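Everything numeric in this text was worked out from a predicted model, so none of it was measured.
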Amino acid sequence: MTTEAPAAPERTVVRTVRPFHTYEGAGFPVRRPFPTEQLPFLDPFLMVDQVGPVELAPGEAKGAPPHPHRGFETIQYVIAGDIANADSRGHRAVVRAGGVQWLTAGSGIVHEALPTEEFLAAGGLQHMLQIWVNLPARHKWTAPRSQNAEAGELPEAVTADGARITVIAGSTHGVTGPFETLTPVLVAHARLDAGGRAEFTAPAHHNAAVHVLTGRATVGGPTGTGGTGGGTELPDGHLAVLADGERFTVRAEDGPAEVLVLTGEPIGEPVARSGPFVMNTAAELRQAQQDFARGAMGVMPQ
């Protein structure tokens, strides 16, 4: 007689976070589920900013003029629109719809992200994400580098349950993202048809969250609260932090939805942060500010 192995424990929602609305760069609006007073960070993730989706008239697009970074990595995921990137190491690249720039700031870099002249002149739909991933102390002095991938270079998994999953980093549903990461993470964009669902797995000790980009989604199993058939229903723009477990399900109940799925191995180190610098101590933050002021992080090419 054989017995079936018990199902892996399903994660449930332990906290839902309403996004904070603010402005960044030259004044473009963002929805920010964290960092906020509710959720300062979700180790190893430091920040999630969502721009749009918004239809921009000609001349309305804004970007982020030159600014420094040290001690972490940034993920710029352009879902619609485009962004021209340049940095103090001489790297230039335009990220167009569906593309990603993964910038390892490491020991320090100056960077700008601006709308292209074409997008600024024509306007159009803008929708993008900026995600910050912390670096452990042993990697904070890594030499800066930029990795880029166009839309066609990001693998997509299509499930029988009505989901298309674009994998930016890590592995899920049999596909692996193209970026080399210094911290083990999964970053995925799932598009769910009405009634569609997708199940994700992650090591039990990894932190996990789901952020609703558009529509409404239900996250978690039957022990959650609210939502048809169990789980926790999240409105557009909200984020769910998940409990320990090995798997979790995301569903679109009444209409299509798009969600950002994040899982990552906690670093477990002190976090000292001030604006564009994320280090382990206050002394390291002061050093970062001094190094930037004296030009040690480089200058933007003319």
Exercise: identify the closest heavy-atom pair between Ala97 and Ile79: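 Shortest heavy-atom separation between Ala97 and Ile79 comes out as CB-O, 3.8 Å.
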Nearest heavy atoms of Pro19 and Arg31, plus distance in Å: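 Reported closest heavy-atom pair: CB-CB, 4.1 Å.
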Set of side chain to side chain donor-acceptor pair (under 3.5 Å) partners for Gln287, sequence neighbours left out: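 Listed in chain order: Asp291.
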Chi angles and distances behind the side-chain contact (heavy atoms from CB on, under 4.5 Å) call for Val13, Leu242: CA-CA 4 Å; Val13 174; Leu242 305 182; 3.6 Å; yes
Polar contact flag, side-chain donor to acceptor under 3.5 angstrom, Asn85-His91: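 Note: Asn85 and His91 side chains miss the donor-acceptor criterion.
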Residue of the set Glu269, Arg273, Glu284, Arg286 for which side-chain contact (heavy atoms from CB on, under 4.5 Å) holds with Met279: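 Of all the options given, the one that passes is Glu284.
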pair Phe119-Gln126: side-chain heavy atoms closer than 4.5 Å: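 Answer yes - side chains close enough.
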Partner residues of Ala122 under the side chain to side chain contact (heavy atoms under 4.5 Å, CB included) criterion, sequence neighbours left out: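 Testing Ala122 for side chain to side chain contact (heavy atoms under 4.5 Å, CB included), a comparison that skips the adjacent residues, returns none.
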Hydrophobic cluster membership, Val167 vs Leu213, 4.5 Å side-chain cutoff: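 No, it is not one cluster - the side chains of Val167 and Leu213 are not joined through contacts under 4.5 Å.
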Heavy atoms from other residues, nucleotides or ligands near CD of Glu265 exceed 12 (cutoff 6.0 Å):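 Above 12, so yes.
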Phe248 and Phe200 aromatic ring geometry - parallel, tilted or perpendicular at 30°/60° bounds: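 Phe200 vs Phe248 ring planes: parallel.
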Interatomic distance, Leu234 atom CG to Thr218 atom OG1 [nearest 0.5 angstrom]: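 Answer rounded to 0.5 Å: 7.5 Å.
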Set of salt bridge (charged side-chain N to carboxylate O under 4.0 Å, His left out) partners for Asp244, sequence neighbours left out: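 Partners of Asp244 by the salt bridge (charged side-chain N to carboxylate O under 4.0 Å, His left out) criterion come out as none, since no residue qualifies.
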Carboxylate-amine/guanidinium proximity below 4.0 Å for Arg216 and Glu233: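 Yes, Arg216 and Glu233 are salt-bridged.
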